[in-house]
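Report on the structure given below.
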Protein chains: 2
Amino acid sequence: MRADARDNRERVLRAARAAFAEHGAQASLNKIAQSAGVGPGTLYRHFPTPGALLVAIIGDDVAALCEKGRDLLDHRSPAQALRTWLRAVAEHATAMRGLVAARMAAPPAPDTDAALAACHERIRATGAALLERAQRDGAVPGDIEIADLLTLVNAVAWVSEQAPCDEYLLDRLLALVRGMEPSPQEEET
Amino acid sequence: MRADARDNRERVLRAARAAFAEHGAQASLNKIAQSAGVGPGTLYRHFPTPGALLVAIIGDDVAALCEKGRDLLDHRSPAQALRTWLRAVAEHATAMRGLVAARMAAPPAPDTDAALAACHERIRATGAALLERAQRDGAVPGDIEIADLLTLVNAVAWVSEQAPCDEYLLDRLLALVRGMEPSPQEEET
DNA sequence: TGCCATCCGGAGAGGATCTCCGTATTCTAG
DNA sequence: CTAGAATACGGAGATCCTCTCCGGATGGCA
């Protein structure tokens, strides 16, 4: 890749991050290109599909979530570790303001970009380890599947950001999920 | 209202129902007007805001849900009555293909149309009666609030329609909600 | 330094939302 | 029945968005 192309790619990515943080998923790709100082053609050449842009933006965050999940495998309370991690997933999804929700909430469809599917899989595998540990511990019902749990968490994150005026909605909704009931003593890590 | 205006309003409503059923929330209002045989100006005069069109479309369905809720108050199992009704709410939301999700999933914000807020309130009141009955019966934890429960159900409905290939996703996700665990013997009404 | 593969950027097609206002139609009063 | 007033229609058009295409600029290599 040529040096100028690499520069432009970085600038677009920075602009996209800022735009999505401010306007949510309905940020105009046009304006992202404009605020990055490139033409629309350049944006679409670097990121042909919305999924490509999404993966480029959240790739680092996904890695961070997976690492946090690995760390939490050592937590003394498996159930709390799972809850803490799922809450981090939800918060991350909320921070992306619908960008994640629109593309990642549901399980991958057959036509999903391969890179996006890979993100899904990494999150799923991390969550599966935490869930299995909590289930072996007996703290979480055994009939729960990680894919459904993640889908539900994403849905909760999505709906929470529809009501930005209610900052506790996310926590209340998470507490409505089986296996996510907070114990009074426990606090987050 | 003039007779021709009333006719046009009905035609727009029919076209809108069909379009939303086919294309989901992102149906083009332009094409709705076109398929109704009216100009865009006419559509926007009758329904100045998206909320107005939504309320006109789902008004009847909301009434039907409330009536179903009243009927279920006589059901022998309060918990199952609540579950059955919430599933009906979710199915209705799914049938609207994102139209409801986009506008009704979250609690009403201060700037919500009054009519839309009224729909919310009618659903909430119906659900509150069913929930309270189930809670008195001891079958559902007492710390659950109906507004949160409905928000969660709407979120579940929204995410389920993102994955149309998985027809059981809605039921699996609902089963993940506290107080919604199905008992093996019970069946729906 | 000069050439070529690579990349840029903006014009523009196509489509959506929403507004405005001249025109047409319905209703009503005489 | 008719004429005027009130009401409603509808489409042109302003504005924005997505996405494509290609002439021209530019970086990297021999």
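Letters A, B, ... are given to chains in the order of the sequence lines, protein chains preceding strands, and every chain is numbered from 1.
By the side-chain hydrogen bond (donor to acceptor under 3.5 Å, both in side chains) test, B:Glu67 pairs with no residue at all, sequence neighbours left out. With sequence neighbours left out, the salt bridge (Lys or Arg N to Asp or Glu O under 4.0 Å) criterion links A:Asp4 to A:Arg2. Partners of B:Asp143 according to the salt bridge (Lys or Arg N to Asp or Glu O under 4.0 Å) rule, which considers only residues two or more places apart in sequence or in another chain, are B:Arg178. In this structure B:Glu132 satisfies the salt bridge (Lys or Arg N to Asp or Glu O under 4.0 Å) test together with B:Arg136, sequence neighbours excluded. Checked against salt bridge (Lys or Arg N to Asp or Glu O under 4.0 Å), A:Arg133 has no partners two or more places apart in sequence or in another chain. Partners of A:Ala16 under the side-chain contact (heavy atoms from CB on, under 4.5 Å) rule, at least two apart in sequence or in another chain, are A:Phe20, A:Ile32, A:Leu53, A:Ile57.
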With a cut-off of 3.5 Å and sequence neighbours excluded, list every side-chain donor-acceptor pair involving residues 40-50 of chain B.
| unit_1 | atom_1 | unit_2 | atom_2 | d |
| --- | --- | --- | --- | --- |
| B:Thr49 | OG1 | B:Gly51 | N | 3.4 |
| B:Thr49 | OG1 | B:Ala52 | N | 3.1 |
| B:Thr49 | OG1 | B:Asp113 | OD2 | 2.7 |

Anything under 3.5 Å between a protein N or O and an N or O of nucleotides 14-16 of chain C, put it in a table, one pair a line.
| unit_1 | atom_1 | unit_2 | atom_2 | d |
| --- | --- | --- | --- | --- |
| C:dA16 | OP1 | B:Lys31 | NZ | 3.3 |

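OP1 or OP2 of D:dA8 has not a single side-chain nitrogen or oxygen of B:His46 nearer than 4.0 Å. Between C:dC8 and A:Asn8, a contact under 4.0 Å exists linking OP1 or OP2 to a side-chain N or O.
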In 5'-to-3' order, the base (B), backbone-only (S) or no-contact (-) status of each nucleotide in nucleotides 20-30 of chain D, using a 4.0 angstrom heavy-atom cut-off, is BB----BSS--
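Distance CD (A:Gln26) to P (C:dT17): 15 Å, rounded to an integer number of Å. Atom CG in A:Leu43 sits about 15 Å away from atom P in C:dC7, given to the nearest Å. In this structure, the CZ atom of A:Arg6 is 15 Å from the C1' atom of C:dT6, given to the nearest Å.
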In sequence, state the C-alpha distance, the side-chain angles, and the governing distance for A:Leu152 and A:Val177, and then conclude on side-chain contact (heavy atoms from CB on, under 4.5 Å).
CA-CA 8 Å; A:Leu152 185 55; A:Val177 179; 3.8 Å; yes
